[in-house]
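Notes follow the structure.
Everything numeric in this text was worked out from a predicted model, so none of it was measured. Along the sequence shown, the residues carry numbers beginning at 1.
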Amino acid sequence: MAGRAQGAAALHYRIEIGSTHEHLLHASLRIDHPQAVTELSLPVWIPGSYLVREFSRHLQRLVARQGRNELAVEQLDKARWRVKADPSRPLELSWEVYAFDNSVRTAWLDESRCFFNPTSLCLRVEGQHGGLHAIELPPPRLPRGTPRWELATGLTPASVDSRGFGSYVAQDYDELADCPVEMGAFWSGRFKAGGVAHRFVVAGAPASFDGERLLRDTRRICEAQIRFWHGSRRPPFKSYVFMLNAVNDGYGGLEHRNSTALICDRRDLPRRGDARISDGYTTLLGLVSHEYFHTWSVKRLRPAEFAPYRYDAENYSQLLWFFEGFTSYYDDLFLRRTGLIDDATYLRLLGKTANQVLQTPGRFVQSVAQASFDAWVKYYRQDENTPNATVSYYTKGALVGLAFDLTLRAEGRGTLDDVMRGLWQRCKAGPMTEADFAAVLEEVGGRAFTREIAAWVHGTEELPLRQLLEKNGAQVHDDPAQMAQALGLRVTEGQAVQVKMVLSGGAGQQAGLAAGDEWLGIELPARRGAEPQGWRIGRLDDIALYAGTAARRITAIVARDKRLLRLPVELPQGTTTWRLSPRDAKALGGWLD
């Protein structure tokens, strides 16, 4: 099949599979009209994942030639190079990229699969990045007996074979950078949503995988979101590709303009003959919903600071609470709106989000606007103090979206749906500022929301969630907290308890526990002349087993740097966690339907 492009490309990339055992991809670029001094660069980050990842660390053997003459390549910094060339002759470059990051962000190659984002592989030509880019993706030479590989991508095909290998074009470097490529002997299925062709490919699926169910459920999500944004009109893309990598242990996604790269635990895939919707499959559908919603919110409607993207450094914005947080609010909500989950399941998922925020002391330290700006140095670089110093713009941002939605509904003037669609129209599906959000919110709600924006977005006070939820048909229950939550600890459990994080103000911090401690056992106070009792523990729940639920004080036996410590611990009483359930079906339906 073939597609049509406007004009002729002056930049021609070719990506070939090198040694699968060495995990090397071979790349080349022909510049038809080089400058006398041609500068090239490789992005240091990929849009949607806000961390400088230094992709150039995997680039090697960069060579420049004109005809038979090899030219000097001068490295300017960590990700920029300069070549002096004859402008009247094509300039050809070649290089290799080590591809062994099995995530959605970079590149991967082994004997069964190849995946890459062009930001990890394709050099950007300064001064020519706004023109047409061509990329050739030839079929790989694989050992005899290897299952037949296919290719999937959101790039526009120019001349490709039945398996997807061949030539593609992108209107500029931004489009090229935004179209990942998946190759392998993957499962593939297709459907139409909103009149547009969609494809879903899955690598690593086991024999039990029910692909038809995944297509049906994904189609329902896509149809609902297209209607949400456009009613009966067509979406702003001509095709869409889901690329899912099923692995033993993994989770994540990265949005693109007409595709998304996903990774999941293969146990979370739907299974033939099993009609239940497991917790894992619900999580996978929520991920699909989240990344698809980004097709509108962040890929088109986007922070003004991202227009255009700068690939050589951090792109700061205080709006990730909106673009990631509100998307996190809508992802599970669309599962409920499409009937894939029921009210009780949706409220359970929402309660989990609420508890994640309520059990994060950093919500009193950092606002979601600050968290958005600091994503580059804090969110993607978490350590043992992260929950004490920061708050997630995903989870708290989702609760901010919930608070605005339920406030609008309670006041009877509109909904957050109206705000989202109003922003799409006001900003012409393009750059957006916080002032735009405030203006549309006022237009929909009939009043200014200055106080709420200041308090919920730029402040650190608690959100009024309990009263808003109960006004809209949900019941908030205060259930007894698990021991880790009660102590203010985050741990892993097994033969002993490994302390990973100690939360500010908790009983664990007051006792002197520290991240890295190995909690081996407990000692109970002596009773009426008897010797103190000591018990080895492998789980924090063992404390209630050996000390009893009425115990107020124990001594923790802890190993720290090979030293044994005895730390007195006051066991907290009355610590609770939220559980949400349906209370008023009519009011709840008015919100969730």
Practice item. Carefully, step by step, assess Trp456 and Phe404 under the rule ring-ring contact (aromatic ring centres under 6.0 Å, His included). Key: CA-CA 9 Å; Trp456 302 350; Phe404 277 118; 4.9 Å; yes

Plane angle bin for [Y] and [X] - parallel if under 30°, tilted between 30 and 60°, otherwise perpendicular:
| X | Y | value |
| --- | --- | --- |
| Tyr316 | Phe373 | parallel |
| Trp296 | Tyr292 | perpendicular |
| Tyr330 | Phe334 | tilted |
| Phe326 | Trp321 | perpendicular |

Nearest non-hydrogen partners of [X] and [Y], listed with the distance:
| X | Y | result |
| --- | --- | --- |
| Ala474 | Leu347 | CB-CD2, 4.2 Å |
| Ser581 | His477 | OG-NE2, 2.7 Å |
| Ser328 | Tyr394 | OG-CD2, 3.5 Å |
| Leu42 | Cys122 | CD1-O, 3.6 Å |
| Arg105 | Ile46 | O-CD1, 3.7 Å |
| Gly397 | Val368 | N-CG1, 4.1 Å |

Donor-acceptor check, side chain of [X] to backbone of [Y], threshold 3.5 angstrom: yes or no?
| X | Y | result |
| --- | --- | --- |
| Glu384 | Ala515 | no |
| Arg536 | Leu520 | yes |
| Gln509 | Gly505 | yes |

With the threshold set at 4.0 Å, does a side-chain nitrogen-carboxylate oxygen contact exist between [X] and [Y]?
| X | Y | result |
| --- | --- | --- |
| Glu54 | Lys78 | yes |
| Lys299 | Glu255 | no |
| Arg336 | Asp342 | no |
| Asp210 | Arg271 | no |
| Asp312 | Arg310 | yes |
| Arg579 | Asp478 | no |
| Glu182 | Arg113 | yes |

Output the distance between atom [atom1] ([X]) and atom [atom2] ([Y]), rounded to the nearest 0.5 Å.
| X | Y | atom1 | atom2 | answer |
| --- | --- | --- | --- | --- |
| Lys352 | Leu350 | NZ | CG | 12.5 Å |
| Leu465 | Leu399 | CG | CG | 5.5 Å |
| Ile263 | Tyr251 | CD1 | OH | 12.0 Å |
| Trp591 | Asp343 | CH2 | CG | 9.0 Å |
| Trp535 | Leu524 | CH2 | CG | 8.5 Å |
| Glu96 | Leu59 | CD | CG | 9.0 Å |

Practice item. Go through Asn102 and Asn245 one step at a time and tell me if the side-chain hydrogen bond (donor to acceptor under 3.5 Å, both in side chains) criterion holds. Key: CA-CA 9 Å; Asn102 200 16; Asn245 182 25; 2.9 Å; yes

Distance-only check: which donor-acceptor pairs under 3.5 Å involve side-chain atoms of residues 490-501, not counting sequence neighbours?
{"from": "Arg490", "atom 1": "NH2", "to": "Gln359", "atom 2": "O", "distance (Å)": "3.1"}
{"from": "Glu493", "atom 1": "OE2", "to": "Leu540", "atom 2": "N", "distance (Å)": "2.9"}

Can you tell if the side chain of [X] reaches within under 4.5 Å of the side chain of [Y], non-hydrogen atoms only?
| X | Y | result |
| --- | --- | --- |
| Tyr309 | Asn315 | yes |
| Leu269 | Tyr281 | no |
| Phe200 | Leu214 | yes |
| Leu349 | Thr282 | yes |

Exercise for review: Would you please indicate yes or no on a ring centroid separation below 6.0 angstrom for Tyr393 and Tyr50?
Suggested key: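 No, the ring centres sit 6.0 Å or more apart.
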
Check your understanding: Using the benzene-type ring in the case of Trp, are the ring centres of Phe116 and Trp108 under 6.0 Å apart?
Key ->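 Ring centres of Trp108 and Phe116 not closer than 6.0 Å.
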
Check your understanding: Does CD in Gln482 sit with more than 12 non-hydrogen atoms of other residues, nucleotides or ligands closer than 6.0 Å?
Key ->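 For Gln482, atom CD is not crowded (no more than 12 foreign heavy atoms under 6.0 Å).
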
**Study point:** Verdict with supporting geometry, Asp110 and Ser112, side-chain hydrogen bond (donor to acceptor under 3.5 Å, both in side chains)
**Key:** CA-CA 6 Å; Asp110 67 4; Ser112 63; 3.1 Å; yes

Check the side chains of [Y] and [X] for a donor-acceptor pair under 3.5 angstrom, ignoring hydrogens and angles.
| X | Y | answer |
| --- | --- | --- |
| His290 | Glu324 | yes |
| Arg363 | Ser367 | no |
| Gln225 | Ser289 | yes |

Check your understanding: Can you list the steps and then say if Glu570 with Arg552 is a salt bridge (Lys or Arg N to Asp or Glu O under 4.0 Å)?
Key -> CA-CA 6 Å; Glu570 299 290 337; Arg552 296 292 182 267; over 6 Å; no

Point to revise | Pair Arg563-Asp561, salt bridge (Lys or Arg N to Asp or Glu O under 4.0 Å): steps then yes or no | key: CA-CA 5 Å; Arg563 292 182 300 143; Asp561 192 28; 5.2 Å; no

Exercise for review: Take Tyr346 and Asp332, measure what side-chain hydrogen bond (donor to acceptor under 3.5 Å, both in side chains) needs, and give me the verdict at the end.
Suggested key: CA-CA 7 Å; Tyr346 174 74; Asp332 289 336; over 6 Å; no

Practice item. Just do the salt bridge (Lys or Arg N to Asp or Glu O under 4.0 Å) check on Arg560 and Glu518 with the steps written out, would you? Key: CA-CA 7 Å; Arg560 181 185 300 167; Glu518 184 180 15; over 6 Å; no

